[in-house]
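Reviewing the structure listed below.
Keep in mind that the numbers below use all heavy atoms, side chains included, and drop hydrogens, waters and symmetry copies. We count ligands from 1, going down the list as the structure has it; atoms in each ligand are counted the same way.
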Amino acid sequence: LVGVTVDKSKDFSTWYTQVVTKGEMLDYYDVSGCYILRPNSYTVWETIQDWFNARIKKLGVKNSYFPMFVSAKVLNKEKDHIEGFAPEVAWVTKAGNSQLEEEIAIRPTSETVMYPYYSKWIRSHRDFPLKLNQWNSVVRWEFKHPQPFLRTREFLWQEGHTAFLEKAEAEKEVRDILDLYAGIYEELLAVPVIKGKKTENEKFAGGDYTTTCEGFIAATGRGIQGATSHHLGQNFSKMFNISVENPEGADKERCFAYQNSWGLSTRVIGVMIMTHSDNKGLVLPPRVAQNQVVVIPVGITSKTSEDQKKAINDGAAEILKRLVDSEVRAVGDFRDIYTPGFKFADWELKGTPFRLEFGPKDLASEQVTAVRRDNGEKITVKLAELETKIPEILDDMQKGLLDKARKDFDEHRVFVHEWKDFVPTLNSKNVIVAPWCGDADCEDDIKDSSAKKNNGEDEQVDEKAPSMGAKSLCIPFEQPALKSGQKCVKCDKDATTYCMFGRSY
Ligand SMILES: O=C1CCCN[C@@H]1CCCn1cnc2cc(F)c(Cl)cc2c1=O
Ligand SMILES: [Mg+2]
């Protein structure tokens, strides 16, 4: 068994590739930028789906499915915001060996697919609110270096699209969904996020404003956008005529819908892996681990009597059965062709949160030794307490992972008030919270001035020599009050808000 052969802190991109493949999360595919999601990662996605579905249904959202193909006519309906994206649209140009009359795009997102039908289905104000979600995949033919989970040409996501009569109702939902996204990160993936609003430069151009959950990859000191919830205003309803007669009277102006759209993708799995995994391989939070516990008989040698060997194997099998019966996702590793040491490394590589070692002394003391994957802590559990203790230590690990990741994020989210400190702080693997004037040109200046003049290479694959500058990541909803007269970190205008800046994915 060859495990991870590089150090996370020395060669992050190679480390990441090894962790995702040897951890059986994903495999590479012969179409560049496309990957195979194996059960170890697909289980994570299914857990997210179950958790999110239960909660959006309580918000009145219904799941649906729309075609993946968009005709050129329909896709270009919304030219202004498309033109920036046109290079990444994938097109079907022929079937068999005959050219198609009209080329058909593969959906990169579904606004133009769905909204003509929103217009058709919403005839009166009683048809509001319309709240549909899709679990699907989208294709964006990006040219930057692909990265498993983080930047792939096809990815799974959910895209929610809602339409309301009242703006206030729409705006409330934007935040309700953002809170659910933060819940997915913090409750399931044990990843802390900062919630905030994107600047005008960074928001979705087709909408009014974008709210976001921003994550942080401590190993590279880079921010990462983890999920977005947009308020679209009436931009799309005017373009697609999603309107109704004014409920106050036909003589009044027609009412155009206020809309939201919100999305979270399998990128979240990459963020989780990068946050928790280590040089022994994958580390999975118990809430999303396919196998939470692996039971391994130990201490059986050539000198062990047949009776003793049977007693240990039977004891381990009994532990396994009791855990499965109490809803713990447990497996046993009774393969007699491998040594315990081999098995330990194998299950560590696959990120299993706990291994339970059951050997002669455990048998004698009616106990089992639990070894925690993230910090190696050994915990003795009396067999009599199995059903209560094991769920407890799983919860402890889940909480411990979040606390550690939050501590890392908090320590590397540094307040900077003077420009002389900005780039040195950034280059120490930090993101920065700084007073900002709110001016887009100044934002561009901050990005340009914090870029290291790269050696002409194309997009840096490895983070060792970050050439890119600091983008604005979000304007945090939670932030301290500005000192009166506080100047912008970059220019000498008065600051209007704190903004989080950082190199990012
Ligand atoms: O982010 C979300 C949440 C879920 C629903 N959609 C929005 C906006 C998506 C922006 N966006 C993002 N990427 C795109 C790529 C494209 F090729 C084209 Cl044609 C359009 C877009 C595009 O509009
Ligand atoms: Mg993009």
Side-chain angles (χ1 to χ4, degrees), residues 33 52 56 61 63-92 103-115 117-118 130-147 149-163 170 173-178 180-181 184 197-198 200-214 224-233 235-237 239-240 259-268 270 459 471 474 504-505:
F52 193 64
I56 57 173
V61 178
N63 281 326
S64 61
Y65 189 79
F66 287 72
M68 69 185 306
F69 300 114
V70 202
S71 69
K73 175 167 46 61
V74 166
L75 186 73
N76 293 317
K77 165 105 183 173
E78 212 218 317
K79 294 184 284 312
D80 58 340
H81 108 261
I82 298 281
E83 98 272 346
F85 294 118
E88 63 191 46
V89 177
W91 294 92
V92 180
E103 296 189 341
I104 295 170
I106 296 175
R107 71 182 161 224
T109 181
S110 299
E111 283 78 1
T112 56
V113 174
M114 299 170 80
Y115 295 170
Y117 294 88
Y118 278 39
L130 179 57
K131 303 176 182 177
L132 299 182
N133 178 59
Q134 288 193 77
W135 292 95
N136 62 24
S137 74
V138 290
V139 172
R140 297 174 185 175
W141 218 259
E142 312 234 13
F143 286 93
K144 284 184 180 178
H145 282 268
Q147 278 203 296
F149 296 113
L150 299 191
R151 188 185 298 128
T152 60
R153 286 180 160 167
E154 177 189 15
F155 56 84
L156 303 181
W157 73 345
Q158 54 67 222
E159 48 176 320
H161 297 266
T162 54
E173 190 211 53
V174 170
R175 296 295 297 271
D176 289 346
I177 294 294
L178 193 72
L180 290 184
Y181 286 158
I184 288 172
K197 193 174 174 183
K198 285 288 186 185
E200 284 304 297
N201 271 6
E202 295 298 327
K203 76 173 195 184
F204 167 37
D208 255 8
Y209 59 83
T210 292
T211 67
T212 178
C213 284
E214 293 293 322
I224 184 160
Q225 177 175 316
T228 49
S229 181
H230 312 283
H231 179 57
L232 308 177
N235 304 352
F236 284 91
S237 63
M239 195 176 302
F240 289 90
Q259 292 177 267
N260 298 332
S261 75
W262 25 273
L264 174 138
S265 76
T266 39
R267 154 177 284 210
V268 303
E459 156 86 0
K471 279 189 346 182
C474 76
S504 72
Y505 285 86

Nearest heavy-atom neighbours spanning Trp141 and Ala90: CE3-CB, 4.2 Å

Residue pair Val174 / Thr211: nearest heavy atoms and the distance that separates them: CG1-OG1, 3.6 Å

Thr228 neighbourhood, listing ligand 1 atoms whose heavy-atom distance to it stays under 4.0 Å: 1 (O)

Heavy-atom gap Ser261 to ligand 1 smaller than 4.0 Å: yes

Donor-acceptor contact below 3.5 Å, side chain Glu159 vs main chain Ser110: yes

Nearest neighbour in protein (non-hydrogen) for atom 23 (O) of ligand 1: His81 NE2, 2.7 Å

Closest candidate by heavy atom, reference atom 6 (N) of ligand 1, pool Arg107, Glu111, Glu159: Glu111

Charged tip of Lys197 within 45° of Tyr209 ring normal and under 6.0 Å: yes

Numbered atoms and elements of ligand 1 in range of Val89, under 4.0 angstrom, heavy atoms: 17 (F), 19 (Cl)

Top protein contact for atom 3 (C) of ligand 1, by heavy-atom distance: Gly263 N, 3.5 Å

Distance-only side-chain donor-acceptor flag, Thr210 / His230, under 3.5 Å: yes

His231 side-chain N/O to Gln259 backbone N/O, donor-acceptor pair under 3.5 Å: yes

Side-chain H-bond candidate by donor/acceptor type, Thr212 with Gln225, under 3.5 Å: no

Atom 19 (Cl) of ligand 1 [closest protein heavy-atom partner, distance rounded to 0.1 Å]: Ile82 CD1, 3.4 Å

Nearest non-hydrogen protein atom, atom 13 (N) of ligand 1: Arg140 CZ, 3.2 Å

Atom 2 (C) of ligand 1 [closest protein heavy-atom partner, distance rounded to 0.1 Å]: His230 NE2, 3.2 Å

Contact check: Thr109 vs ligand 1, nitrogen or oxygen atoms, below 3.5 angstrom: yes

Proximity of Phe204 to ligand 1 by residue part, where a heavy atom lies under 4.0 Å: side chain

Proximity of Trp262 to ligand 1 by residue part, where a heavy atom lies under 4.0 Å: backbone

Arg107 side-chain N/O to Val70 backbone N/O, donor-acceptor pair under 3.5 Å: no

The single option from Glu173, His161, Gln158 passing side chain to side chain donor-acceptor pair (under 3.5 Å) against Trp262: Glu173

Subset of ligand 1 atoms that lie under 4.0 Å from at least one heavy atom of His161: 5 (C)

Atom indices of ligand 1 within 4.0 angstrom of Pro108 heavy atoms, with elements: 15 (C), 16 (C), 17 (F), 18 (C), 19 (Cl)

Polar side-chain atom of Tyr505 near backbone of Gln147 as donor-acceptor pair, under 3.5 Å: no

Nearest non-hydrogen protein atom, atom 15 (C) of ligand 1: Glu88 OE2, 3.2 Å

Among Phe85, Trp141, Trp157, closest by any non-hydrogen atom to atom 18 (C) of ligand 1: Phe85

